[in-house]
J.: 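Just dropping this structure here.
Atom set for the values below is all heavy atoms of this structure, side chains included, hydrogens, waters and symmetry mates excluded.
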Amino acid sequence: AALVLVVVAVVARSPVPVTLDVQVASRPPASVESAAYFVVAEALTNVARHAGATRAWVTLARVQDRLLVEVRDDGRGGAAEAGGTGLAGLRDRVTAQGGWMHVISPAGGPTTLTVELPCGS
């Protein structure tokens, strides 16, 4: 439940309206919760600063031994790790947890950031 509470707090502070969908029945390890929180917070900061978006969507889902985190927006796209948007730091944090990150952000939008974090057995 702690993950849900901290993510709800991040979503509530977002200047861009966010729809939150959480499907996490069992609590992931603290290190995974921390990484997921950081991903959502940084991604929503990027949406507010760079995307020109009017809406964003955050999905958290626990699928077996993985936590999936997706942040989408309806903004202009063109997000790149080389652009100093914090995406490179996010990737470092995700890979340190043994996870992976994928960004789809064509020019003109939208942008979708997908992260998968292992939760152990």
J.: Is there a side-chain contact between Val18 and Val10, using heavy atoms and a 4.5 Å cut-off?
T.: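 Of all side-chain heavy-atom pairs linking Val10 with Val18, none is under 4.5 Å.
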J.: Within the side chain of Arg76, is there an N or O that forms a donor-acceptor pair under 3.5 Å with the backbone of His50?
T.: yes
J.: So if you build clusters from Ile, Leu, Val, Met, Phe, Trp, Tyr with side-chain heavy-atom gaps below 4.5 Å, do Trp100 and Val39 land together?
T.: no
J.: Could you walk me through whether Thr54 and Asp74 satisfy the side-chain hydrogen bond (donor to acceptor under 3.5 Å, both in side chains) test, starting with their C-alpha distance in whole Å, then the side-chain angles of each, then the deciding distance to 0.1 Å, before giving a yes or no?
T.: CA-CA 6 Å; Thr54 60; Asp74 65 356; 2.5 Å; yes
J.: Are side-chain heavy atoms of Gln97 and Ser31 found at a separation under 4.5 Å?
T.: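 A side-chain contact exists here, since the closest heavy-atom pair is under 4.5 Å.
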J.: Verify, without hydrogens or angle tests, whether Ser34 (side chain) and Ala30 (backbone) share a donor-acceptor contact under 3.5 angstrom.
T.: no
J.: Return the minimal non-hydrogen interatomic distance between Ala36 and Val69, and the atom names on each side.
T.: CB-CG2, 4.0 Å
J.: Would a 4.5 Å heavy-atom cut-off, applied to side chains only, mark Thr112 and Val103 as touching?
T.: no
J.: Check whether Arg72 reaches the backbone of Ala56 with its side chain - one donor and one acceptor, N or O, closer than 3.5 Å.
T.: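 Pair absent, no side-chain N/O of Arg72 close to backbone of Ala56.
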J.: Has Thr111 got a side-chain atom pairing as donor or acceptor with Ser105's backbone, closer than 3.5 angstrom?
T.: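 Checking the backbone N and O of Ser105 against the side chain of Thr111, no donor-acceptor pair under 3.5 Å is found.
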J.: Please round to the nearest 0.5 Å and tell me the distance separating atom CD of Glu33 and atom CG of Leu60.
T.: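 If I round to the nearest 0.5 Å, the distance is 10.5 Å.
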J.: Test Leu113 against Leu90 for side-chain contact (heavy atoms from CB on, under 4.5 Å), laying out the working first.
T.: CA-CA 10 Å; Leu113 169 73; Leu90 271 186; 4.0 Å; yes
J.: Do Asp73 and Val16 have side chains that approach each other closer than 4.5 Å (heavy atoms only, starting at C-beta)?
T.: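 SC-SC contact between Asp73 and Val16 ruled out.
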J.: Which heavy atom in Asp92 sits nearest to a heavy atom in Thr95, and how many Å separate them?
T.: O-OG1, 3.2 Å
J.: Looking at every non-hydrogen atom in both residues, tell me the closest pair between Pro28 and Val32 and how far apart they are.
T.: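 Where Pro28 meets Val32 most closely, the heavy atoms are CB-CG1, 3.9 Å.
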J.: Should Leu3 and Leu67 count as side-chain neighbours, where that means a heavy-atom distance under 4.5 Å?
T.: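 With C-beta onward as the side chain, the pair touches.
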J.: Applying a strict under-4.5 Å side-chain criterion to I, L, V, M, F, W and Y, I'd like to know whether Val63 and Val40 cluster together.
T.: no
J.: Does Val11 offer a backbone N or O that forms a donor-acceptor pair with the side chain of Ser14 under 3.5 Å?
T.: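 Side chain of Ser14 to backbone of Val11: no pair is present.
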J.: Determine the minimum heavy-atom distance between Arg66 and Gly98, stating which atoms define it.
T.: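 Taking every non-hydrogen atom into account, NH2-O, 4.4 Å.
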J.: Leu20 and Trp57: side-chain contact (heavy atoms from CB on, under 4.5 Å), yes or no, with the steps?
T.: CA-CA 6 Å; Leu20 178 62; Trp57 295 264; over 6 Å; no
J.: Does Ser26 reach the side chain of Val24, with side-chain heavy atoms less than 4.5 Å apart?
T.: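 Counting from C-beta outward, Ser26 and Val24 never come under 4.5 Å.
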J.: State, with a plain yes or no, whether a side-chain heavy atom of Val115 is found less than 4.5 Å away from one of Leu68.
T.: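 In short, these two side chains do not touch, never coming nearer than 4.5 Å.
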J.: Taking Val71 as the starting point, is it possible to reach Ile104 by hopping between hydrophobic residues whose side chains are less than 4.5 Å apart?
T.: no
J.: If you draw a 6.0 Å radius around CZ in Phe38, do more than 12 non-hydrogen atoms from other residues or ligands fall strictly inside?
T.: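 Yes - once you tally the heavy atoms of other residues, nucleotides and ligands closer than 6.0 Å, there are more than 12.
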J.: Looking at CD of Glu70 and CD of Glu116, how far apart are the two atoms once the value is rounded to the nearest 0.5 Å?
T.: 12.0 Å
J.: Is any side-chain heavy atom of Arg55 closer than 4.5 Å to one of Thr19?
T.: yes
J.: Please check this pair: side chain of Arg62 against backbone of Gln64, looking for a donor-acceptor N/O pair closer than 3.5 Å.
T.: yes
J.: Please find the pair of heavy atoms, one from Pro29 and one from Cys119, that lie closest to each other, and give the distance.
T.: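 Closest pair (atom of Pro29, atom of Cys119, distance): CG-O, 3.3 Å.
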